[in-house]
Amino acid sequence: MHAAYAAQPSHPSTVNTPLEARALSHAFSGTNALLDINLALPAGSVLGLIGRNGAGKSTLIRALLGLLEPLSGQARVFGEPALQLSDAAKARLSYVPQQPEALSWLSAAEMFEFLSRFYPRWDGDFAKRTLERWGIAPKRVMAKLSPGERQRVDLIRALASQPQLLVLDEPAAALDPVARRELLREVALRAGEAGATVLFSTHIVSDLERVASDIAFMHQGRLLMHCPVDDTKERYARLWLPANQSAAAPETALSHRRHADGSLSLVVQREGDAWPAAASLPGARVDALGLEDLFVEVAE
Amino acid sequence: MDASIFTIQPNAAEPIYRQLLGQLGRMIAGGQLAPGERLPSVREVAGHHAINPMTVSRAYGLAESEGLLERRRGVGMVVATQAAPAAGDQARMALLEPAARELVRQARELELPIESVLKRITSLWEG
Amino acid sequence: MHGVTWIAPWRGTHRATAIIGSIIPLLCVLITAGLAIWTPADKRPVPVAIIAGGLTFLSAFALAPAALMARDAARLRIPQMARSVGLSMAALVAALALLAALVWGLAGADAIHAGVGVLAGLAIGLAWALLPRQLGLLFCFLPILISSGLWHRLTPAWALVHPQAASALAVMALLAAVTAMWRGFVHDHPPLRRFGTPMVENFNSRTPGWAGQFDNQNQARQLRRTPDWLRAAPDLRRTGPPHAERSVRVLLGQWYVPMRLGDRCKQLLPLLGSALVFVVVMGLSHLHEGHGESWTYMGVMFVVWFGSFVPFMLAFSVLSLLYGRWARRNAERSLLALLPGMGDAPALKRAMLRAALRPPLRFLVGLSVVPVIIDQLTASERIALPFILTIQAGTALALLAGVLTIFSGRRVGPWTLAVMGIVGLGLVLASLMMPLFTRHMTPDHTLLGHALLALAWAVLATWLAVLSWRGWKAYQRLPHPCITD
């Protein structure tokens with residue numbers, strides 16, 4: 001049955017797709033925030049959403065979870081319309097916003113006690129252990145914690161409910177490198193073993209390269225590319241053409257950048273197994289790109 | 001063997017699964033991993049390096065299909081007992097691959113003809 | 001030469017706050033002008049007092065927020081700017097005083113008296129805004145203190161002989177104190193800060209009026225400053241899926257959080273403390289008076305307090321709290337939207353309304369009992385229960401309209417907020433004063449006064465009802481109640 005759905009990539013299964021956007025568009029006071037976004041996360045995948053500040057990552061995440069009403073299009077969570085989620089769907093979902101600040105008048109222990117009543121699969125043991133390991137005082141009012149500690153508490157909160165869909169908006173922004181590594185480890189293992197689906201946005205590319213199975217580039221409200229991380233590195237490269245060859249630039253290039261001396265830098269895509277014909281012109285050069293370079297080339 | 005035998009550079013242009021595969025090949029060819037030796041589990045590698053377990057599985061799977069590793073029931077992945085000599089050659093050649101690519105790239109930048117480059121390599125080889 | 005840049009002082013505040021701070025003095029100017037035409041020359045001091053009173057609002061709400069701007073500039077080490085703001089303020093204050101002196105002088109009245117009075121009003125407003133919040137609260141009792149006899153007994157004898165010189169001296173001292181407070185605030189000198197944050201912190205540009213107190217930053221600061229032993233812990237019993245309403249209250253925070261009695265008392269301690277000061281001051285001043293009526297008078301003051309200002313402040317603080325809560329996207333609203341076990345959207349909408357409205361309404365009903373009891377005990381003819389009950393009904397309606405407007409995400413412009421605040425406060429004051437005014441009026445005038453007041457209330461009530469209805473319709477249209485734009 002799943003195979004039958006998998007055979008139709010243009011109409012992804014809603015049953016087996018924890019998170020999906022169909023032609024999602026949104027605007028804030030006249031400026032476009034999201035432009036016709038189509039996206040589907042298969043179960044068990046870890047999608048890293050990357051983009052510059054203001055590219056629309058947070059807006060996309062909020063629209064995907066039904067926290068805002070898009071101008072057009074639809075978001076679906078576990079096959080349900082995101083704007084009318086059932087309790088069952090909510091119980092399988094965790095979301096950590098950017099700079100979490102909820103319930104600052106409770107202590108971490110109180111918040112966990114409160115929330116544990118709502119989530120049927122709450123792992124109180126995990127919450128307690130992890131708080132201890134991350135050195136956070138469980139009885140301290142959360143307003144008295146540092147931003148990094150607040151974020152860690154919220155991440156523990158999100159993980160303790162054992163979600164099947166974990167959505168993290170810039171989870172690493174306020175974490176130190178050690179805590180960040182621990183978070184990535186947790187995310188990686190949850191995805192691998194519990195089969196959880198993860199969506200996280202970031203602009204720290206190395207995080208994404210470690211744990212993401214897929215990557216989506218967002219730029220000015222559009223989804224520029226969406227493919228497996230390993231493919232991205234192997235499929236895209238930078239083609240440099242000297243000034244006298246720049247007329248031969250392939251039409252399909254993802255980004256064009258002309259340098260002061262008339263030479264041209266392009267991001268090109270492998271066609272089948274070969275680079276575009278222009279790559280074999282005299283003087284042309286193809287450089288492999290890390291994701292960060294690719295991101296900078298495309299987003300600039 | 002624990003998961004620290006691998007070194008991951010997430011921001012390199014080479015995908016992580018290729019890094020793992022290359023390191024496996026070199027370690028087996030260089031004798032750091034003896035035939036029959038157990039490899040760290042996918043979970044151990046993924047957990048230690050905070051990388052996606054599917055990436056590790058992919059690398060192990062490819063290594064298995066290349067005959068570098070074999071799956072042993074109840075133990076997990078081990079280094080293949082009869083690593084074919086051809087495979088061994090291939091694996092050692094893989095060690096040179098990055099250096100060779102870099103050499104070619106620099107030669108192209110200097111616009112040197114391939115013949116003179118090969119001649120220089122041969123003369124170095126015969127030393 | 002270093003040029004001093006003129007900086008408009010009201011830039012540091014939310015527009016609604018600045019509008020309130022400007023409309024009230026304008027109204028006062030109009031009233032003064034009206035009185036000046038109809039009062040005989042020997043009664044001119046009254047208009048000066050009215051103008052000065054209006055200007056306290058100007059300086060507290062529209063001028064003092066410039067201190068925030070100056071402090072930010074000082075913290076960011078922007079050269080000259082903090083000084084420019086300070087000098088602009090000083091120039092404005094001086095200009096207003098000179099203008100008043102000029103106008104009064106041209107009208108043939110006492111120019112110095114007018115200038116000093118205006119300076120005093122402005123200085124009192126600034127001092128109120130820049131003093132720590134707890135001390136600032138005492139300022140609100142100042143009119144009562146002055147009207148009671150206590151003030152006169154504390155004034156030294158020579159000052160009564162030379163009132164002009166004494167008041168000029170007092171104003172100079174006050175201005176010096178305000179300048180010192182300003183500098184202390186702008187440059188983050190610690191001594192005053194230890195007592196608490198100044199009132200002006202609430203008048204930031206993000207949130208209107210006192211709502212700044214519920215601004216995320218301020219609230220976090222308050223929570224951080226509360227020592228652990230004084231912390232009011234929540235009572236989490238009977239929360240969870242079957243108790244949607246109580247669970248929402250945990251998420252609404254502050255007064256809404258369910259608590260055991262002891263913790264609730266801890267939470268109310270600062271408020272109870274200032275109420276206690278009020279009672280002590282009142283008691284002292286009236287025990288000295290020694291006439292038999294004083295207990296009745298205290299009863300009246302209590303009724304006034306519980307019947308009007310407490311409901312007004314209750315509605316204000318509840319709505320400010322919710323407004324602040326709803327202005328934050330990454331906080332409780334997201335959590336509540338995705339919290340399982342709260343039922344479908346219509347059920348959650350109902351639970352949220354009940355959670356937001358029931359506690360304050362219950363409190364209001366409780367409050368309206370107090371005046372009734374006191375009325376019975378003191379049997380005072382001056383207590384006009386109907387007026388007080390009108391105020392409470394108006395408060396309840398304002399709460400309903402406010403909650404529905406906030407929850408439905410409808411935008412209310414700064415002018416609407418400002419006008420609503422002023423009209424509301426004006427009506428509360430008018431309803432309180434009405435029984436005092438009408439005592440000396442003919443029955444005809446009394447009837448006219450009552451009719452006008454009733455008409456004003458009816459207009460406000462209709463407006464609030466329209467707001468409620470629109471809010472209700474918009475709330476019903478939302479796909480779920482925690483949606484953001």
Side-chain angles (χ1 to χ4, degrees), chain A residues 26-29 33 58-59 61-63 65-69 77 81-107 109-111 113-121 139-145 150 154 157-158 161 163 167 169, chain C residues 216-217 219-228 231-244 246-247 250-259 267 325 328-348 409 477-480 482-485:
Chain A
H26 195 62
F28 291 118
S29 55
S58 294
T59 310
I61 287 178
R62 300 181 66 77
L65 295 177
L67 294 174
L68 65 79
E69 198 174 2
V77 179
L83 288 168
Q84 294 136 34
L85 289 184
S86 68
D87 280 342
K90 288 178 185 171
R92 297 160 66 197
L93 157 73
S94 276
Y95 163 57
V96 179
Q98 205 175 352
Q99 295 164 342
E101 47 187 10
L103 294 170
S104 57
W105 48 90
L106 299 184
S107 68
E110 283 162 356
M111 177 167 86
E113 188 198 334
F114 176 63
L115 292 176
S116 67
R117 301 171 184 199
F118 296 93
Y119 291 95
R121 303 199 305 152
K139 295 201 170 150
R140 228 174 140 72
V141 183
M142 286 196 285
K144 295 187 181 182
L145 300 178
R150 281 297 287 283
D154 221 45
R157 187 265 301 165
S161 67
V167 180
D169 195 355
Chain C
N216 184 25
Q217 241 180 331
Q219 217 181 357
R221 196 185 299 125
Q222 272 171 7
L223 282 166
R224 265 200 299 280
R225 200 163 286 165
T226 314
D228 287 337
R231 183 195 168 226
D235 178 9
L236 294 176
R237 291 171 305 172
R238 284 177 288 122
T239 55
H243 310 286
R246 222 171 133 86
S247 306
V250 174
L251 286 151
L252 289 180
Q254 211 161 28
W255 308 118
Y256 281 112
V257 178
M259 281 177 197
Q267 192 186 27
R325 201 64 80 226
R328 293 153 63 196
R329 292 193 306 173
N330 283 347
E332 295 78 24
R333 239 188 330 165
S334 312
L335 197 64
L336 184 55
L338 299 174
L339 198 62
M342 300 298 282
D344 57 1
L348 182 56
R477 272 197 301 274
L478 292 180
H480 67 78
C482 298
I483 211 139
T484 57
D485 54 349

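Order of the sequence lines sets the chain letters (A, B, ...), proteins ahead of strands, with each chain counted from 1.
- For a residue to count as touching a neighbouring chain, one of its non-hydrogen atoms must lie under 4.5 Å from one of that chain's; by this rule C/Leu478 does not touch chain A.
- For the atom pair C/Leu338 CG and A/Tyr95 OH, the distance stands at 8.0 Å (nearest 0.5 Å).
- A/Ile61 CD1 to C/Ser334 OG: the interatomic distance, rounded to the nearest 0.5 Å, is 11.5 Å.
- More than 12 heavy atoms of other residues, nucleotides or ligands shown are found within 6.0 angstrom of CD on A/Gln98.
- Once rounded to the nearest 0.5 Å, the distance linking CG of A/Leu67 with CG of C/Leu335 reads 10.5 Å.
- Taking CE from A/Met111 and CG from C/Leu236, the interatomic distance works out to 12.0 Å, rounded to the nearest 0.5 Å.
- Going from atom CE of C/Met342 over to atom CG of A/Asp87 covers 9.0 Å, rounded to the nearest 0.5 Å.
- Only the side chain of A/Leu85 comes within less than 4.5 Å of a heavy atom of chain C; its backbone N, CA, C and O stay farther away.
- Residues forming a side chain to side chain donor-acceptor pair (under 3.5 Å) with A/Asp154 (at least two apart in sequence, or on another chain): A/Arg157.
- With a threshold of 4.5 angstrom between heavy atoms, A/Leu115 approaches chain C through side-chain atoms but not through N, CA, C or O.
- Of the two parts of C/Ala337, the backbone and the side chain both hold a non-hydrogen atom closer than 4.5 Å to a non-hydrogen atom of chain A.
- Residue contact with chain C, scored on non-hydrogen atoms closer than 4.5 Å, involves the side chain of A/Leu93 exclusively.
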